[in-house]
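Before any comments, here is the structure.
First the proteins, then the strands, lettered A, B, ... as listed; each starts at 1. As a basis for the values below, the full set of heavy atoms in this structure was taken, side chains included, without hydrogen atoms, waters or symmetry mates.
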Number of protein chains: 2
Amino acid sequence: MQRQKVTLKDVGREAGVTIGTVSAIVRGSRDRIFYSDETRDRVLAVVAKLGYRVNPAARSLREGKTRTIGVMLDDITLPFLASLICAVGKALEPHGYSILLCNMDAAGAARESLLQTFARGHIDAFMLAGALTRLTDEDILAVQQRGHRVVLLERPAPSPVIASVGVDNQAGGHLAAAKLLARGCRRLVMLGGPAGNAMSQLRIAGALATCRAAGLPAAALTVLESGGWTTALGYESMHRHLAAGHRPDAVFACNDQLAIGAMWALTAHQLAIPDAVAVIGFDDSPMAAFAHPPLTTVRQPVAAMGAAAAELLIAPATADHAGQRHFPPELIERQTT
Amino acid sequence: MQRQKVTLKDVGREAGVTIGTVSAIVRGSRDRIFYSDETRDRVLAVVAKLGYRVNPAARSLREGKTRTIGVMLDDITLPFLASLICAVGKALEPHGYSILLCNMDAAGAARESLLQTFARGHIDAFMLAGALTRLTDEDILAVQQRGHRVVLLERPAPSPVIASVGVDNQAGGHLAAAKLLARGCRRLVMLGGPAGNAMSQLRIAGALATCRAAGLPAAALTVLESGGWTTALGYESMHRHLAAGHRPDAVFACNDQLAIGAMWALTAHQLAIPDAVAVIGFDDSPMAAFAHPPLTTVRQPVAAMGAAAAELLIAPATADHAGQRHFPPELIERQTT
DNA sequence: TTGTAAGCGTTATCAT
DNA sequence: ATGATAACGCTTACAA
């Protein structure tokens with residue numbers, strides 16, 4: 001931006017009032033009480049006529065906050081994370097907040113970049129989305145202790161002091177397994193994401209518990225780690241499993257991409273979906289409905305989660321017990337079960 | 001951020017100099033010339049000791065620029081756009097610039113949101129990535145005429161005054177078609193993206209021209225519009241085509257997702273890749289190498305393009321002839337040809 | 001009900 | 001080679 005074209009002073013001069021008056025009226029605070037309708041209307045008219053916009057740098061400098069949320073993620077390519085970011089952005093917008101993107105790839109060593117971005121002071125609060133394995137729990141706690149608000153998405157909070165929002169992953173696993181069992185499936189494959197991923201592990205744990213409770217023998221249950229979240233890896237893992245001669249009658253994948261990749265492999269092996277093998281994904285990302293056949297999946301309530309995250313992000317600093325919001329997942333039945 | 005902990009004044013006091021001195025030394029300008037090594041070292045030591053960081057709001061207010069680039073896109077889920085954004089971010093970082101995300105979905109009517117984001121003054125320049133169909137060429141020109149820098153990615157510039165960066169799409173189409181022809185393919189399917197998408201049309205036009213030049217009859221060439229850029233749509237279009245009884249011996253898809261979807265359909269129809277049907281994608285997005293089999297594709301030089309975009313974004317305002325950078329694509333041969 | 005003025009942390013333009 | 005000081009545009013006590 002080049003130097004501001006229209007400032008409070010301009011508006012004030014044109015309307016015949018001082019900048020303090022304009023400032024107060026523009027923000028809408030106090031106006032009803034302290035200013036005459038006459039003045040208010042006149043000022044607002046000039047604001048509209050001149051096209052005045054507040055200068056955020058000046059406001060930030062004065063208020064000591066930037067109305068900007070820093071979002072860090074290690075892979076913006078993951079559809080679920082991307083839609084979560086969008087949801088957060090949507091919830092943030094009415095409050096005048098924007099999203100500053102910080103891609104981990106771009107930013108050298110994790111710790112450095114996290115602290116440096118904070119140091120830049122550009123940011124009021126931080127949203128960490130995804131596993132962000134290059135960031136230790138200690139790093140996160142350290143940032144929080146420096147007095148910065150931190151909200152975690154798709155990563156378990158390392159301590160009750162750290163705010164987080166997510167679904168109840170175990171419940172999601174339960175939902176999927178219960179449906180598969182009800183359908184009569186008895187040889188289940190659990191398709192996990194990156195090695196050691198917490199979300200993945202919880203979802204699988206939930207499904208496993210449900211299967212055991214239903215009396216399925218351990219031999220009927222196999223857990224596959226695909227090493228990532230992509231369609232390609234889902235295909236690979238499933239293909240390898242099938243090529244080794246295994247014949248499951250159901251697959252529960254820890255996200256929709258993996259599920260769709262698995263479906264690809266099943267189809268390639270002439271296994272009909274859902275007749276020979278039923279498939280359930282996780283997330284209900286946009287592509288789930290357009291898969292072929294449309295994918296049954298465990299939905300995460302993205303909009304609600306985004307709104308909750310936004311709320312935590314901009315809430316006034318309430319001492320030490322951060323909000324930990326867990327949303328209930330929902331089974332969306334389509335045509336793969 | 002809460003009120004700054006360490007300011008120039010603090011450093012100055014501690015080092016026994018004035019803030020002007022500290023400011024100049026910190027920025028590194030003039031220091032060698034105007035300041036004694038002794039003072040400089042002492043100041044820098046204090047800066048390090050106290051952990052001083054410049055306050056960007058104050059700097060913005062003073063300098064009249066924010067060192068922030070606004071990035072608008074209509075779908076951050078598209079892998080190629082996402083990686084382009086990352087590349088731009090990476091190129092921007094050494095210059096101290098950040099990326100402010102503006103998702104079109106979140107932002108109501110396009111024109112409104114574009115202008116309003118500008119109005120917020122938060123931004124030095126704007127990067128428009130993707131087709132952004134809700135934004136007319138007039139909207140873009142209007143913004144540019146208001147004195148704001150605009151750079152287009154994956155959308156043709158509506159006028160020479162607007163900067164843009166992209167690949168030579170026709171050349172890419174040529175590369176793909178030439179490879180397919182050289183392989184002996186004679187019945188080609190061109191799999192396009194969203195209806196009317198300019199990138200898609202250019203790529204297909206390039207391929208078509210090459211085929212015609214090679215003497216292929218029009219009847220051997222079929223163009224399919226899949227209506228989007230996703231794997232699912234690629235599958236759908238290809239599946240429909242095959243189900244209708246057609247038997248091409250090659251597919252050129254306008255991005256890698258479409259190509260992979262098409263491969264899925266081909267596999268489902270028992271058509272071996274590449275023996276029965278060869279496939280070429282576009283972009284060389286990360287998943288191309290992990291497709292099964294690994295996908296031959298036309299690579300866009302993402303890093304170079306990102307760097308070029310960053311350069312245009314932060315270059316000083318050079319009157320009216322904006323840079324239009326077109327990069328040469330490159331054929332990456334893997335195992336689908 | 002409105003005006004006045006003191007900063008917020010920087011940068012840049014003088015002096016010294 | 002360094003020190004003062006005036007902006008930058010805004011918010012917020014406090015005065016009137």
Between A/Ile19 and B/Thr39, which is nearer to the 5' end of DNA chain D once each is assigned its nearest nucleotide?
B/Thr39
Comparing B/Gly16 and A/Thr21 on DNA chain D - which has the more 5′ nearest nucleotide:
B/Gly16
If you look at every heavy atom in B/Ile123 and B/Gly70, which pair is closest and at what distance?
CD1-CA, 3.3 Å
Tell me whether the OP1 or OP2 atom of D/dT11 has a side-chain N or O from A/Ser23 closer than 4.0 Å.
yes
Report yes if the side chains of B/Leu128 and B/Leu153 come closer than 4.5 Å at any heavy-atom pair, otherwise no.
no
Side chain proximity check, B/Glu311 to B/Arg325, heavy atoms < 4.5 angstrom
yes
Value in whole Å for how far the [atom2] atom of [N] lies from [atom1] of [X]:
{"X": "A/Ile25", "N": "D/dC10", "atom1": "CD1", "atom2": "P", "value": "15 Å"}
{"X": "B/Glu63", "N": "C/dG9", "atom1": "CD", "atom2": "C1'", "value": "12 Å"}
{"X": "B/Leu61", "N": "C/dA12", "atom1": "CG", "atom2": "P", "value": "13 Å"}
{"X": "A/Leu8", "N": "C/dC8", "atom1": "CG", "atom2": "P", "value": "19 Å"}
{"X": "A/Arg27", "N": "C/dT2", "atom1": "CZ", "atom2": "C1'", "value": "14 Å"}
{"X": "A/Lys9", "N": "C/dT4", "atom1": "NZ", "atom2": "C1'", "value": "14 Å"}
{"X": "A/Arg62", "N": "D/dA7", "atom1": "CZ", "atom2": "C1'", "value": "17 Å"}
{"X": "A/Arg40", "N": "C/dT2", "atom1": "CZ", "atom2": "P", "value": "11 Å"}

For the side chain of B/Tyr52, starting at C-beta, report the closest nucleotide among D/dC10, C/dT10, D/dT11.
C/dT10
Closest to the A/Ser36 side chain, choosing from C/dG9, C/dT2, D/dT2:
C/dT2
List the steps and the verdict of salt bridge (Lys or Arg N to Asp or Glu O under 4.0 Å) for A/Asp137 and A/Arg155.
CA-CA 10 Å; A/Asp137 286 350; A/Arg155 168 164 175 161; 2.8 Å; yes
Do A/Arg40 and A/Ser36 meet the criterion of a side-chain donor-acceptor pair at a distance under 3.5 Å?
no
Checking the side chain of A/Asp41 only, and the main-chain atoms of A/Glu38 only, is there a donor and an acceptor separated by less than 3.5 Å?
no
Taking the axis from the first five pairs and the axis from the last five, what angle separates them in the helix from C/dT1-D/dA16 to C/dT16-D/dA1, rounded to 10 degrees?
40°
Sequence neighbours excluded, which residues qualify as side-chain contact (heavy atoms from CB on, under 4.5 Å) partners of A/His95?
A/Tyr97, A/Ile314
Residue met sooner reading DNA chain C from 5', once B/Ala58 and A/Thr18 are mapped to nucleotides:
A/Thr18
